[in-house]
Every structure is written in C-alpha cells, then in structure tokens.
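Since the structure comes first, as structure tokens, the remarks are kept for the end.
These figures come from a predicted structure and were not determined experimentally. A, B, ... follow the sequence lines: proteins, then strands. Residue 1 opens every chain.
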Amino acid sequence: MEPTLLGHNRTGSGLNPGDTQLMLAAVSELSPPGRISTRQSDAERISYITDADSLGSIPPPLGASPGASVETASSLTGVSPTVFFDKLGERIAFERGSTRLYEALIAKYVALVDSDGAGLETLQRIRSEELDHFRMLCDVATQLGADPTAETPSGDVIGTASMGLLQVVTDPRTTLAQCLNAVLTAELTDNAGWELLTELARAAGQDEVAERFAEALADEEEHEAIVTAWLKSLVTDAVGTPAV
Amino acid sequence: MTLDLMNEKGTPAAQQLMSWKELAGKPISKLDDDAFTRVRIILMNGLELDSLRTKQVALRMNRDARVELAELMRAEHQQATAINWLIGADHSPLETTIAYEQVAIEVTASVAQLEPDAYLAQAYRYALLEDFDHLYRYSALLDRLEGKDANNIVQGYTDIVPARPTVVHHRAPEHDLLRPYERNAALATKLHALTLTGGEYQTHDYYMTIGPLFADPLARQLYAEIASVEAQHITHYGSMINPDESPLERLLVGEACEIWNYAACLEQETHPRIKALWERFLDYELGHFQVALRLFKDIERRDPAEVLAQTQLPPRIEFRGHREFLRETIARETALRKDGTEFVEEGKEGRTSLEYRDQVNADGSPSSAVSETYSWAPGTELARPDLAA
C-alpha cells in the first residue's frame with residue numbers, strides 16, 4: 001500500500017470555483033439562505049424519544065425463580081444490581097470485541113510494517129490481555145449469578161458504538177496510523193468503562209472483584225499510553241511510509 | 001382460524017393508507033422479543049416485496065388492470081415498509097443476516113414437512129441444507145469480526161453447525177432448475193413455492209445491498225459468495241412455479257399466499273403490538289384478494305376454482321424450531337447433489353457444475369476460510385472452556 005500523499009482529491013468545492021459559483025447562483029434563486037432552523041426535526045425526534053420502548057432488559061440471575069427481577073433475586077447490595085449487571089455486560093461485550101479489533105490491527109501491522117519484532121509482540125500481548133479481561137469478566141459474572149452469554153442493553157449499545165472503529169481497522173485501505181487513531185478511541189472508552197465498573201464493584205462491597213477490575217484498569221491505562229505514543233511517533237517520525 | 005377466500009371481504013383498498021410516522025413505527029427489541037417474532041417480520045417483508053414484483057410484471061402485461069394494480073401496489077409497498085422498519089437499528093447488518101438465515105432454515109423446514117408433492121419436498125430439503133450451512137459460516141464471521149454470539153439472535157432455536165458445505169453450493173445454471181408443479185397442483189404446493197421464492201429473493205437483495213458496506217475484505221467475499229447462492233435459490237424455487245400460469249392467475253394465487261402467511265403469523269404471534277399488525281394486514285390482503293378475484297373473472301374470463309382448486313386454506317407454516325427434522329435431514333441428505341432437475345448422489349453431480357465451481361473457487365473459498373476450525377460456543381469461541389489458560 002502507498003503512503004498518504006498529495007494527489008487528485010476531487011471532493012472540495014475549491015477545486016472547481018466556476019461550478020461552485022453556478023451552484024451558489026442556483027441556491028440564491030431557488031432556495032435562498034435564511035435563518036437556520038431544525039425545529040421540526042427536533043420536535044419529531046423528541047416525540048419518538050418520549051414514545052420509545054427501551055432496547056431491552058437485564059435477564060434475572062441464573063437459577064432465579066421464573067419471573068424474578070434482577071433487583072430482588074440478586075445478592076448485590078450498595079448498588080443497583082440492574083445497573084451493575086448491565087455495565088458488566090457492557091465490559092464483556094467490549095473486551096470480546098476489542099480482542100477481535102486487535103486481531104484486525106495485528107493483520108494490518110504484519111501487512112504494512114513487520115511480521116516479527118517488538119511492535120508485533122506488543123500488539124499480541126495487548127490482544128491477549130483483552131482476552132484475559134473478557135474471560136475474567138465472564139468468571140465474575142458467573143460467580144455473581146449472572147449469565148455472561150446474555151447481551152445486556154449496554155452491551156448492545158457498545159456493540160453499535162464500536163461498529164465504526166471496526167470498519168476503520170478492517171478496511172484494507174487504511175494506514176496503521178489511521179487504525180491506531182480508531183483504537184485510541186476504543187482505549188479511551190475502555191479506560192472510562194473500567195474506572196466506572198471498579199467503582200461500582202467497590203460500592204457493592206465486592207472488594208475481591210474490585211481488585212481484579214483495578215488490575216484490568218491498570219492494563220488498559222498502559223494500552224492507552226502505548227497507542228497514544230505510537231500514534232504520535234508515526235505521524236511525526238514515519239511520514240511518507242505506508243504506515244502513515 | 002378458518003378463512004373462506006371467496007367470502008371474506010377484508011378492508012377495502014381505499015382505506016389502507018398509513019402516514020409516514022405509522023410506517024416508521026416502533027421497532028421490536030433485539031434483546032427481549034422472541035426470535036420468531038423477528039422471523040415472521042423478515043418473512044412477511046419478503047412476501048410483500050415479492051408481491052410488488054409480481055404486480056409490476058402483471059402491470060406490464062395487462063392494459064385493462066393497470067389502475068387496480070397500481071392501487072394494490074401502493075398498499076403493498078406501505079405494508080412492506082411498516083414491516084421492514086420493525087427491525088431495530090441495534091441489529092448490525094451481520095446480525096440481521098443471521099436472522100435472515102434463521103428464517104430460511106425454520107420456514108423452509110416447516111414447508112418441507114407440509115409439502116404434499118414428494119419431489120418438491122425433496123427440493124425444499126435440498127436448499128434447506130444450504131441455508132443451514134450459511135448460518136454456520138455467517139456465525140463464524142460474526143464471532144470473529146464483531147466479537148458477537150449468533151445465539152443472541154437465534155436464541156437457542158436453531159443449531160449453528162455445518163451442513164452441505166457452501167463451497168459446493170455453486171452449480172452451473174442448468175442444474176439450479178426444478179421440474180415445475182402441474183397446473184392442477186394442490187393449492188398448498190403453489191403457496192409453498194411462492195413463499196420460498198419471495199423469501200430467497202429478499203435475502204439475495206439484502207446481501208447485495210449490504211455486502212459492499214463491509215470494510216473487511218473477507219466479509220465482502222463471503223457476501224459475494226452467498227449472495228450468488230441465494231440467486232441460485234431464487235431460480236431453484238422460482239422454477240417450481242408453473243411457467244404457463246398467466247400474470248393475473250399468479251396475482252390471484254399471490255394474494256392467497258399473503259393471506260395464508262398473515263393468518264399463520266396472526267395465529268402464532270406472541271407480541272401484542274405485532275399481532276395487531278398481522279391482523280390489520282390480513283384484513284388488507286383479504287381486500288386485495290377480492291380485487292384480484294374480480295380482475296381474474298372480468299379480464300381472463302376464467303373460473304377462480306380452476307386455479308385455487310380449493311378455497312379453504314391449507315395447513316399453515318409452523319413458526320418453531322425444527323431441530324429434530326433438521327438433524328435427520330442433515331444426516332440423510334447432505335451428500336445429495338443436482339444433475340439438471342434431478343437429485344443425485346455426490347459422484348453423479350452435473351459435470352458443468354464441477355467446471356463452474358473450479359472457476360469461482362479458483363482463488364479460494366471465502367466460506368471455508370472464514371469458518372476454518374470454527375465451533376460455535378455459548379458467548380463466542382473466545383469463551384470456550386477448553387481454551388482457558
């Protein structure tokens with residue numbers, strides 16, 4: 001793949017000033033600019049939000065009697081069990097997705113940079129830690145009576161939110177730097193997610209679980225630092241290479 | 001529910017219009033609603049789109065029916081929109097694909113058991129084993145690309161295992177054809193063929209639309225490969241239909257087909273809001289049938305009884321998991337192949353299919369590559385207990 005270079009990008013209106021003038025003349029005659037208003041769209045969206053059903057629910061704990069709610073069937077105290085299991089499901093979905101995201105990033109690195117060496121080892125280690133986090137979360141969910149295979153509403157939402165990141169990293173045309181930018185978004189979100197989940201575990205009096213979460217948070221802080229530094233290094237020191 | 005096609009008047013076509021907001025109503029819940037509610041939604045969207053297709057052909061071939069057909073198409077289009085918009089945006093395109101394959105599997109399994117013609121029942125089982133394999137290949141992609149468990153969609157009703165491998169689904173065109181049913185075939189036979197043709201058409205068109213939206217090159221290859229098989233399935237099921245039927249005859253049977261399917265949905269739906277929609281659209285279709293009946297009598301000057309054979313609708317599709325039937329069929333018929341319109345043993349497949357396959361698989365098999373070593377496990381293969389450190 002070629003590096004990002006100057007070329008024949010056709011998207012800007014500045015490239016064809018004559019056509020742009022003709023377009024503006026048409027606008028002036030047929031849809032002259034006035035005060036900008038999105039009032040009707042806003043009202044429509046608000047109406048849908050007011051009327052909407054939720055994305056879904058949290059399943060009752062495993063083994064709970066039929067019809068039991070999470071709130072009554074869970075032994076968790078100090079936090080809302082519904083919120084805790086929803087956020088736990090979010091992290092399960094995210095860590096599992098991140099494992100796959102790093103697999104895609106590793107393919108990119110091998111194709112564009114090196115099929116060996118320290119960079120690859122770092123990426124493989126991070127991917128392995130994401131997988132460890134996923135499996136640890138599944139253990140914790142099971143230990144607390146939740147089904148780790150259930151998709152919770154926040155797990156569903158984080159899947160939707162991550163789709164753009166996945167599209168960036170799996171596109172054969174993107175550079176390593178562009179992919180690292182997408183992965184940085186993931187890592188920043190991941191750090192905030194682990195901080196919140198660790199706090200919730202502490203509030204629930206689940207000290208041993210909170211400790212395991214804090215260890216995962218420390219890993220993620222390192223991942224974020226690595227990705228941030230790597231991205232900075234590429235855009236300053238590797239301009240003109242296929243990685244940028 | 002007993003419906004007498006000749007005597008149920010339904011909702012008059014003039015009273016069937018909906019506003020844009022009604023068309024873009026509340027979607028179902030991906031997480032909480034039963035998988036078979038989504039199965040019915042996808043199936044009925046496919047049938048509505050196929051009914052539009054049938055009517056467009058009839059429009060081009062009937063000067064005297066143009067106004068009525070245009071009116072019917074306006075209603076059918078609105079129905080298709082209201083139904084298709086029930087799928088929530090938190091379904092990724094690949095998750096919706098999993099749902100499409102579940103529709104193909106469970107609906108075809110039911111139809112295969114209902115079909116009175118032994119040859120056509122074989123044909124349903126044949127393509128069923130291919131859609132069943134597609135579910136396995138797409139599930140592997142969902143797991144390995146998006147990190148998601150296909151069972152969040154199929155909800156334990158449908159097994160996620162290989163059947164006849166997708167890599168051998170590719171046949172030369174002449175081997176996709178079937179012997180059509182006779183003109184005096186049972187009404188059930190006609191309804192089954194139309195239902196599956198519409199379903200496969202929709203699946204093909206969906207894959208052709210979303211395939212290029214993926215960035216991942218393997219996903220793009222897999223959609224290209226399976227869309228091609230779905231195109232074969234349109235021919236497979238479409239060639240069941242008697243080619244001597246007139247467009248207005250097909251219109252009449254098509255309206256009966258929609259009634260039959262909406263009645264099945266209404267009888268088995270567990271979601272109150274969606275059940276009310278099926279009831280409303282069943283009444284719409286009964287109204288459409290009356291228009292089709294009038295056109296058939298006035299323009300073709302024929303007795304509807306010679307087309308419908310019976311006016312009581314046959315037994316309905318059963319919307320449920322058909323696990324045992326599927327396992328038996330996989331065990332018995334995975335090795336079957338096609339030679340012209342006939343089903344043959346593996347070594348007797350039509351030679352031109354082997355040549356065609358050599359060409360399309362020349363650069364590798366996307367469906368094989370994406371599912372290499374794949375075994376479904378609860379929570380994705382990353383959660384497999386045997387992989388614990």
List for me each residue that meets side chain to side chain contact (heavy atoms under 4.5 Å, CB included) alongside Arg74(B), sequence neighbours excluded, and say none if there are none.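 Residues passing side chain to side chain contact (heavy atoms under 4.5 Å, CB included) with Arg74(B): Leu17(B).
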Looking at residues at least two apart in the chain, or sitting in another chain, which of them share a side chain to side chain contact (heavy atoms under 4.5 Å, CB included) with Thr209(B)?
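Residues passing side chain to side chain contact (heavy atoms under 4.5 Å, CB included) with Thr209(B): none at all.
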Turns out that what part of Pro153(A) lies under 4.5 Å from chain B's heavy atoms comes down to both
Is chain B contacted by the side chain of Leu131(A), its backbone, both, or neither, given a heavy-atom distance below 4.5 Å?
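Side chain of Leu131(A) only, per the 4.5 Å heavy-atom cut-off to chain B.
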Output for pair (Leu145(B) CG, Leu101(A) CG), nearest 0.5 Å, gives 10.0 Å
The interface call for Ala24(B) against chain A, heavy-atom contacts under 4.5 Å, is both
If you check both backbone and side chains, which donor-acceptor pairs between chain B and chain A fall under 3.5 Å?
| from | atom 1 | to | atom 2 | distance (Å) |
| --- | --- | --- | --- | --- |
| Lys21(B) | NZ | Glu44(A) | OE2 | 2.7 |
| Lys21(B) | NZ | Ser47(A) | OG | 2.7 |
| Ala24(B) | O | Tyr48(A) | OH | 2.7 |
| Lys26(B) | NZ | Asp51(A) | O | 3.0 |
| Lys26(B) | NZ | Asp53(A) | OD1 | 3.2 |
| Ser29(B) | OG | Leu55(A) | O | 2.6 |
| Lys30(B) | NZ | Glu151(A) | OE2 | 3.4 |
| Lys30(B) | NZ | Asp156(A) | OD1 | 2.7 |
| Asp32(B) | OD1 | Ser57(A) | N | 3.0 |
| Asp32(B) | OD1 | Ser57(A) | OG | 3.1 |
| Asp32(B) | OD2 | Ser57(A) | N | 3.1 |
| Asp32(B) | OD2 | Ser57(A) | OG | 2.8 |
| Asp143(B) | O | Arg100(A) | NE | 3.0 |
| Asp143(B) | OD1 | Arg100(A) | NH2 | 2.8 |
| Gly147(B) | O | Arg96(A) | NE | 2.7 |
| Asn152(B) | ND2 | Thr149(A) | O | 3.1 |
| Leu213(B) | O | Gln167(A) | NE2 | 2.7 |
| Ala215(B) | N | Gln167(A) | OE1 | 3.0 |
| Gly379(B) | O | Arg96(A) | NH1 | 3.1 |
| Glu381(B) | OE2 | Arg100(A) | NH2 | 2.9 |
| Leu382(B) | O | Arg135(A) | NH1 | 2.6 |
| Arg384(B) | O | Arg135(A) | NH1 | 3.3 |
| Arg384(B) | O | Arg135(A) | NH2 | 2.9 |

Under a 4.5 Å heavy-atom criterion, the part of residues 39-46 of chain B in contact with chain A comprises none
| query | If you count the non-hydrogen atoms of other residues, nucleotides and ligands that lie under 6.0 Å from CE in Met136(A), is the total more than 12? | reply | yes
